[in-house]
Structure formats: C-alpha cells, structure tokens
Protein chains: 4
Amino acid sequence: MARGLNKVMLIGHLGNDPERRETASGQTVVNFTLATSEGFKDSSGNFQERTEWHRIVVWGKLADICSQYLKKGRQVYIEGRLQTRSWDDSKTGEKKYTTEIVCSDMQMLGSGRDSGGGMGDSSYPQERQQYSRPSRPAEPPAGNYGERPSSGGAQEFEKDDLPF
Amino acid sequence: MARGLNKVMLIGHLGNDPERRETASGQTVVNFTLATSEGFKDSSGNFQERTEWHRIVVWGKLADICSQYLKKGRQVYIEGRLQTRSWDDSKTGEKKYTTEIVCSDMQMLGSGRDSGGGMGDSSYPQERQQYSRPSRPAEPPAGNYGERPSSGGAQEFEKDDLPF
Amino acid sequence: MARGLNKVMLIGHLGNDPERRETASGQTVVNFTLATSEGFKDSSGNFQERTEWHRIVVWGKLADICSQYLKKGRQVYIEGRLQTRSWDDSKTGEKKYTTEIVCSDMQMLGSGRDSGGGMGDSSYPQERQQYSRPSRPAEPPAGNYGERPSSGGAQEFEKDDLPF
Amino acid sequence: MARGLNKVMLIGHLGNDPERRETASGQTVVNFTLATSEGFKDSSGNFQERTEWHRIVVWGKLADICSQYLKKGRQVYIEGRLQTRSWDDSKTGEKKYTTEIVCSDMQMLGSGRDSGGGMGDSSYPQERQQYSRPSRPAEPPAGNYGERPSSGGAQEFEKDDLPF
DNA sequence: TTTT
DNA sequence: TTTT
C-alpha cells in the first residue's frame with residue numbers, strides 16, 4: 001500500500017563534523033550525529049535536561065552541502081524519514097539493528113557566528129536555499145509567475161471576493 | 001535569507017469536489033476546501049467539536065491526481081506551505097487577503113469505501129504513491145540499491161558493529 | 001468527527017516585538033508576525049527569495065514567555081494550528097477573514113547573540129523549556145468563549161480592520 | 001540548553017494488537033508496531049514499495065485509549081518523539097540499542113470499518129479526541145524514573161533481545 | 001559527541 | 001515588518 005507518512009523533524013546540534021564518503025556508484029553519502037535536548041520536570045519537580053542522539057544520513061547534492069557547511073556544534077533543522085537497517089554482526093553472528101534519519105531537508109539555524117567549529121567562517125553557500133532535495137517549493141507555473149500582484153497563486157483566483 | 005521553514009500538515013475531509021482549472025501557460029491547478037475537526041473541553045467541561053476550514057491549492061501533476069481521485073467527503077493527509085495572497089476588491093477598492101495551503105504532498109486515507117461522494121469508485125491510481133511532488137523519497141544511490149540486505153543505506157555502513 | 005490534524009511548523013524571524021494584551025478574563029494574549037523565507041529558481045533559472053508573513057497568536061503562560069524573551073528580528077521555531085477568524089468590518093459592513101497560527105510551542109533558535117533587538121540581553125528564562133502549553137488544543141480563554149462571533153480569538157482583535 | 005525539536009509523524013497500519021502492561025508504579029504502557037509504506041521508482045524506473053516498521057510506545061491515558069480502540073491492521077496517525085534505549089544483552093553481554101517512538105498524539109484514520117482485525121467493532125471512544133497527552137515531553141512514569149538504566153521506557157522492556 |  |  002502506498003498511503004503512508006514517515007516523517008521526522010529535528011532541531012539540534014551536530015555532535016561531530018559530517019563524515020563524507022562516496023559509494024561505488026559515485027553517490028555522496030554524509031553521516032553525522034545530532035543531539036536534541038529538551039527540558040522536563042522530574043518527579044521531584046526539578047528541571048532536568050534530556051538529550052537524545054540521532055544518526056543522520058544524507059545522500060546526493062544535499063550531502064555535499066552538509067559536508068561543506070556543517071560543523072560540529074552547528075545548530076540545524078533536519079527533516080527526513082526513519083529507516084531501520086539490520087546487519088549480521090560478524091563477531092557474534094547476531095542480527096543487529098540501527099535506526100537512522102535519512103535526511104531530505106536541512107536548514108542551518110542561527111547566524112554564521114554560532115557555527116561551532118567555525119573560524120574562517122565562510123559559512124554560507126553562495127546560492128542559498130538549494131539546501132533541499134528537488135522537493136518542497138511547489139513552484140507555481142512559470143508562465144504567469146511574473147504577473148501575479150502578490151505572492152500567491154494564479155490570477156484567476158483574484159477575482160474572488162470571498163475566501164471560500 | 002533562505003533559511004526558513006513553512007510547513008502545514010493537515011488530516012481532514014474534503015468539503016467539496018476538487019475544482020480543476022488550467023492556467024494560460026497550461027499548468028493544472030486544483031482547489032478544494034478541507035475540514036479539520038478537533039474536540040476540546042469547553043469552560044463547563046463539556047466536549048465540543050471545533051471545525052476549521054482550509055483552502056487547498058495544488059499545482060501540476062499532483063493537481064491532476066487530486067482532480068482524478070479525490071471527492072467531497074474523502075479523508076486525506078495534506079502537506080504544504082502557507083501562502084497569503086492579497087488583491088484589490090473591485091467593488092470596494094479595499095485590499096483583501098486570503099490564506100491558502102499550497103499542497104506539496106497528499107495521501108488518501110482510509111479505504112476507498114470511505115470515499116464520501118464516491119460511486120463508480122475506482123478510487124486508486126494504478127501507479128500508487130506518485131502522489132507527492134518530486135520530493136520526499138530521498139532515494140539511495142541507484143548503483144548499489146539492489147545489493148542492500150535490508151531496507152537501509154549503502155553497504156559500507158553494514159560493516160559497523162555499533163550504531164554510533 | 002474528532003479525527004483530524006491541523007498543524008503548522010514555522011522557522012522564521014519576528015517582524016516586530018510581541019504585542020501583549022490581557023483579555024477581560026485575565027488571560028494573556030501575545031501577537032507578532034513571523035517572516036519565513038525560502039529561495040527558489042524563477043522561470044529564468046535565477047535564484048529568488050520569497051518571504052511569507054504569518055500572524056502568530058499565543059495564549060497563556062507561553063504568551064508571557066514570548067512577551068518576555070522574544071524581540072523583533074529573533075529567529076524562532078513556532079508550532080501551532082491554523083485558525084481563520086471572521087468579523088464584520090465596521091466601515092464597509094463586509095465580512096472579513098484573517099488566518100492566524102495559534103501557537104502551542106515555541107523554541108528560540110540561535111544563540112542569544114542573534115536576538116535582534118537585543119541589548120541588555122538576559123535572553124533566557126531561568127526555567128528553560130517550559131515553552132510549551134499544557135496541550136494541543138490551545139484553548140482560547142474560558143471567560144469569553146461563548147461570546148466569540150466566529151471560531152477565533154478574543155473580541156479585542158476584531159476591532160482591527162487589516163490582517164497585519 | 002533546552003531548545004530543540006524531536007518530532008516524528010507517522011501514518012501507517014498496526015502490525016499487531018497493542019500489548020498493554022502496567023509498571024510497578026501503576027502506569028499503563030502500550031506497545032505496538034506500525035508499518036509505513038511508500039512507493040518509489042527503482043533504478044530501472046519500476047515502481048517498488050518500501051515498508052518501514054516502527055516501534056511505538058504509549059504511556060498513561062493515551063495508552064489506555066490505544067489499548068482499547070486499536071487493533072492489528074488499523075490505520076492511524078502517530079505523533080511522538082524518537083528515543084533510543086540501550087541495554088546489556090544478558091546472553092552475549094553486548095550493549096544493544098533500540099529506537100522507539102514515544103507517542104504523544106494518536107488519531108484513528110478511516111472509518112471504523114477499516115479496522116483490520118476488528119469485529120465487535122465499537123471502534124470509537126465516547127469522549128472523542130482526548131487522544132493527546134497533557135503535553136509534549138511524554139514524560140515516563142514518575143515512580144520508576146530513577147531506576148531506568150538508560151533513557152528509555154520501563155525495565156520490563158529490557159529483557160527483550162530483539163527490537164521487534 | 002552537541003548546545004545553553 | 002524579519003533575516004542573510
């Protein structure tokens with residue numbers, strides 16, 4: 001069945017610099033860990049902090065961007081899907097599992113000055129916002145794009161006087 | 001700056017059959033309204049239901065799918081971004097605003113039998129899941145896809161014994 | 001029907017300092033606008049930036065936190081639900097609509113140094129992370145619930161003639 | 001710091017009836033697996049289906065609702081946060097990890113007739129929509145909080161050797 | 001292993 | 001009206 005949703009959205013800090021590899025077929029893969037922290041009141045009513053660590057995997061063009069601009073400590077927004085892989089442990093012969101977030105969108109947060117490992121901080125890509133895979137923008141049709149009086153859809157709609 | 005997130009996720013029922021139009025440039029546009037309901041306790045502690053209506057706009061290939069398979073009453077998951085358009089009311093000369101959800105992903109929910117207005121209910125596309133724009137899947141590299149022992153990433157990862 | 005989802009997730013910058021009010025029943029309400037920006041390629045293949053403006057409404061304890069710690073220019077993550085209110089324009093007698101995000105969770109992004117309007121930047125609450133409301137519904141204040149002409153917030157807002 | 005986001009949103013079908021337990025401190029815990037499916041084009045351009053399995057954990061009042069109304073095969077929307085627990089495998093002495101979604105919101109999808117395993121299908125709670133927990137943190141039960149060897153759920157789970 |  |  002094709003109806004489903006598998007979405008993860010995280011805001012956190014990188015626990016390490018992204019590790020870049022290339023597959024045999026020439027695709028770029030990048031891995032890093034991400035810490036998400038949240039506070040909560042424990043049973044005594046005291047504030048505590050709980051940190052959760054996530055394994056992030058990024059493929060393709062977005063992997064290249066992550067590899068270039070992300071550093072340990074950087075705060076990012078990550079969107080992706082959950083994926084659990086299994087493999088046979090060569091030592092024990094046991095089946096093992098690991099769950100990762102396959103990243104499909106990434107946004108750097110804060111200003112470049114937060115960058116963490118940063119220094120010669122040329123922290124931003126020249127062509128901004130190409131951070132996401134061929135995905136989200138849901139671009140309106142090219143033809144009448146320039147004609148629209150505001151940020152919205154096609155001109156036809158603007159005849160209407162009432163929203164509904 | 002290009003760092004931002006503008007995401008809407010809705011689960012609700014269509015208030016009307018999708019209305020399909022074509023722009024001058026030949027792009028398909030589809031509009032429909034979606035009702036999302038939620039319950040809440042009022043100040044007297046009684047359960048009440050609150051229904052919110054949303055204007056949905058869909059472009060391109062996904063619009064064609066919506067036009068073909070969605071009907072009034074159908075339960076769907078909608079993902080998109082918020083967009084507020086303005087126009088000048090020809091009668092009063094006032095500036096008016098309307099906020100819409102520009103849909104980038106759609107999933108039909110429930111079985112076809114829930115369809116609502118349905119009848120000759122051949123409710124599903126033959127090629128399922130092409131419901132989303134060229135987006136989410138974050139497809140692993142083609143080259144070694146068939147080699148993977150499980151649902152996961154590239155083979156390199158499976159040498160690892162520990163998740164982190 | 002009670003099954004539904006109405007969720008908005010935004011990352012952007014405040015367009016103005018939060019405006020704090022109190023309802024007749026003593027509930028705190030805060031309003032601000034949020035700009036979310038995204039890049040896209042126009043029909044000529046050039047990168048463009050599109051900014052969308054959102055009206056944010058926050059109630060209760062979370063409103064107090066927003067009022068205290070957020071400033072114009074601050075980058076934040078906002079989670080909430082969409083709500084369209086209507087009112088009768090006292091001048092023209094027309095029915096008008098405005099769509100807002102009723103905020104149920106807020107996270108300040110970047111370090112305090114990004115704050116924007118900041119100065120004597122004591123940017124963080126002592127008791128962190130109590131940023132989220134007790135629950136999803138983001139219930140409007142009890143006192144004037146029955147009085148509201150539409151599905152929206154408190155009556156005070158309905159004096160306004162323009163969405164922003 | 002407490003600023004972070006750790007959110008998972010799934011739409012899928014239950015792989016088994018929910019398993020209900022009670023902790024020593026009297027809190028209800030429910031576990032089930034959820035399958036999310038998505039289609040994609042493989043490297044030959046053919047449509048394939050990929051199913052991902054997720055472990056869901058639910059606490060408290062929402063656990064009771066899940067236990068009562070959900071059945072194997074039922075389609076649901078699940079919202080929660082990712083949590084990776086570790087434990088020492090008693091047989092091999094190795095450290096093992098499992099990642100779960102701690103559920104904070106649940107919506108039943110489709111009509112009751114979709115229920116799957118259902119039969120005497122009085123599928124809906126009388127007081128609808130009280131499906132969400134009081135708040136985001138999805139706090140584990142207070143009573144045994146200090147006893148947990150890792151960041152995870154109740155001790156009972158750690159007897160298991162396999163994630164599923 | 002991150003961050004405040 | 002924000003931000004880079």
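Only heavy atoms go into these numbers, but all of them, side chains included; no hydrogens, no water, no symmetry mates. Numbers restart at 1 for each chain; the letters A, B, ... are given by sequence-line order, proteins then strands.
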Under 3.5 Å, is there a donor-acceptor pair between the side chain of [X] and the main chain of [Y]?
{"X": "Glu52(A)", "Y": "Thr84(D)", "value": "yes"}
{"X": "Asn6(B)", "Y": "Leu82(B)", "value": "yes"}
{"X": "Asn16(A)", "Y": "Phe32(A)", "value": "no"}

By nearest atom, which of the nucleotides [options] is closest to the [X] side chain?
{"X": "Lys72(C)", "options": "dT1(F), dT4(F), dT1(E)", "value": "dT1(F)"}
{"X": "His13(A)", "options": "dT3(E), dT3(F), dT1(E)", "value": "dT3(E)"}
{"X": "Asn16(C)", "options": "dT4(F), dT1(F), dT3(E)", "value": "dT1(F)"}
{"X": "Ala35(C)", "options": "dT1(E), dT1(F), dT2(F)", "value": "dT2(F)"}
{"X": "Glu49(C)", "options": "dT3(F), dT2(E), dT1(F)", "value": "dT3(F)"}

Does the side chain of Gln83(A) come under 3.5 Å of the side chain of Arg85(A) through a donor N or O and an acceptor N or O?
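Not at all, the side chains of Gln83(A) and Arg85(A) share no donor-acceptor pair under 3.5 Å.
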Starting at [atom1] of [X] and ending at [atom2] of [N], how long is that distance when rounded to a whole Å?
{"X": "Arg74(C)", "N": "dT2(F)", "atom1": "CZ", "atom2": "P", "value": "17 Å"}
{"X": "Glu52(A)", "N": "dT2(E)", "atom1": "CD", "atom2": "P", "value": "16 Å"}
{"X": "Arg50(C)", "N": "dT1(F)", "atom1": "CZ", "atom2": "P", "value": "21 Å"}
{"X": "Ile56(C)", "N": "dT1(F)", "atom1": "CD1", "atom2": "C1'", "value": "13 Å"}
{"X": "Leu5(B)", "N": "dT2(F)", "atom1": "CG", "atom2": "P", "value": "21 Å"}
{"X": "Leu34(A)", "N": "dT2(E)", "atom1": "CG", "atom2": "P", "value": "13 Å"}
{"X": "Phe32(A)", "N": "dT2(E)", "atom1": "CZ", "atom2": "C1'", "value": "12 Å"}
{"X": "Gln75(A)", "N": "dT4(E)", "atom1": "CD", "atom2": "C1'", "value": "10 Å"}

Under the 5.5 Å and 30° test, is Trp53(A) stacked on the base of dT2(E)?
no
For salt bridge (Lys or Arg N to Asp or Glu O under 4.0 Å), just list the numbers for Glu94(A) and Lys96(D), CA-CA rounded to whole Å, side-chain angles, deciding distance to a tenth of an Å, and then say yes or no.
CA-CA 11 Å; Glu94(A) 283 186 292; Lys96(D) 297 226 169 158; 2.8 Å; yes
